[in-house]
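The chains referred to below are lettered A, B, ... by the order of the sequence lines, with proteins before strands, and numbering in each begins at 1.
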Protein chains: 2
Amino acid sequence: MATAGTRDRILDTTAEFFRHNGYNGTGLKQIVAEANAPFGSIYHFFPGGKEQLGREVISRSGLLYQELLTGIIDSAPDMVSGIGDCFAGAAVVLVETDYADACPIETVALEVASTNEPLREATAAVFDSWIAAATERIAEVVPDQARARQVAISVIALLEGAFVLSRSLRSVEPLEAAGATAVAALREAIGPERAQRGRHGSG
Amino acid sequence: MATAGTRDRILDTTAEFFRHNGYNGTGLKQIVAEANAPFGSIYHFFPGGKEQLGREVISRSGLLYQELLTGIIDSAPDMVSGIGDCFAGAAVVLVETDYADACPIETVALEVASTNEPLREATAAVFDSWIAAATERIAEVVPDQARARQVAISVIALLEGAFVLSRSLRSVEPLEAAGATAVAALREAIGPERAQRGRHGSG
DNA sequence: GTCTATACTTTGATAGAC
DNA sequence: GTCTATCAAAGTATAGAC
């Protein structure tokens, strides 16, 4: 049981460094130092080295973040306010972490997009999953599947783009503006006659 | 005159590497090799080393990209189609460069946001300038200044977020979806009674 | 399985000849 | 101002004791 703890500690620590410093900005020595693990443990648990560790962290972080966001949406009274809550919640976390914790894989995704194909595929799998999950939920209130997917992608793009701007500017204004636009886009897709009963899950 | 060429070659090469490999993924030796410049030239022209070179590349790339986008908008018959042209043009460039050339400073902005304050400020200055320029133009068709700024930030966020998704997924679908949402957001801000005469610059 | 020591490469940076 | 040689540090990865 002690071994499982070491592996998880390495994964958690790496995920945190990836969020703050990116993939190229994170060293393996840095990881084991912070995780209180011996250096050899990295290659014991991840024989593929930094790349394998990166793949697992990307998949894991992507899944965790998806569960976080879908949890927020499912806790909201309706889809529109759920989307708004996601942006508002992200703004709170951003301020609480001094503009460090935003999307767990965005920085890595851009770093590896043109330089490391296996890692690019790992980030693509995460984004695909997010888009599918968001489309599924939005489709509950936007019957047109193509339209639902377009809105889902736009909401995610607004969130990711706002993260870049907010972290760089050290201001939540982009997150607030993007959140308002996301809510408006979803409202428009739902349509005026359906907006009043935008609850999800109940036919 | 030969010296000025070397400095510019270093700046151009660095900008290209930053777009594709990011800040941490770009080595100084890599730069001088590609730019056909002696290694010492970097510290001759940029005594502050990699950080100073990074600052100048960020400012320069930010200004060039702003001029590119405003040029597209000013060439369009109206603001709405101009915004649409920006996303469509970005999609063409992305495909032509095999999903490598998107925003010239986005990757670097995320990498340095929590790790290098001078470089973060350089990226913030660029985003501030983009937001100001976009707000100014959108304000020509959206009288409410606060609303114009909100739309401007959202359009930039949509573009940046779509870049992340499109590069990772190697598909222009996110860019197309975000473009459609950006156009719709601008149309809604202009309002139904003004949409037919959305031309800019003429009172 | 755990942990340490080390090899090898690349990094940013500097010194000094020309 | 151009160019080369070199430094110290950090990077990933491996070998081997325990």
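- Within residues 28-43 of chain A, the residues approached by DNA chain D to less than 4.0 Å at the level of any non-hydrogen atom are Leu28(A), Lys29(A), Phe39(A), Tyr43(A), in residue-number order.
- If you measure from atom CZ of Phe17(A) to atom P of dG11(D), you get 10 Å, rounded to the nearest angstrom.
- Closest of all the heavy-atom pairs between Ile58(A) and Val126(A) is O-CG2, 3.6 Å.
- Residue pairs satisfying the side-chain hydrogen bond (donor to acceptor under 3.5 Å, both in side chains) criterion with at least one member in residues 25-45 of chain B, sequence neighbours excluded, are absent.
- For Pro104(B) against Arg19(B), the heavy-atom pair with the smallest separation is CA-CG, 3.5 Å.
- Computed from coordinates, the Asn24(B) CG to dG11(D) P distance equals 10 Å when rounded to whole Å.
- Rounded to whole angstrom, the span from the CD atom of Gln52(B) across to the P atom of dA13(C) amounts to 11 Å.
- Rounding to whole angstrom units, CZ of residue Phe45(A) and C1' of dA13(D) are separated by 18 Å.
- Closest approach of Lys50(A) to Asn24(A), counting heavy atoms only: NZ-CA, 4.2 Å.
- Between Thr115(A) and His20(B) the shortest side-chain heavy-atom distance does not fall below 4.5 Å.
- Between Phe46(B) atom CZ and dT14(C) atom P the separation is 16 Å, expressed in whole Å.
- The shortest distance between side-chain heavy atoms of Glu160(A) and Phe127(A) falls below 4.5 Å.
- Rounded to an integer number of Å, the gap from OH of Tyr23(A) to C1' of dG11(D) is 12 Å.
- Straight-line distance from the NE2 atom of His44(A) to the C1' atom of dT2(C): 8 Å, rounded to whole Å.
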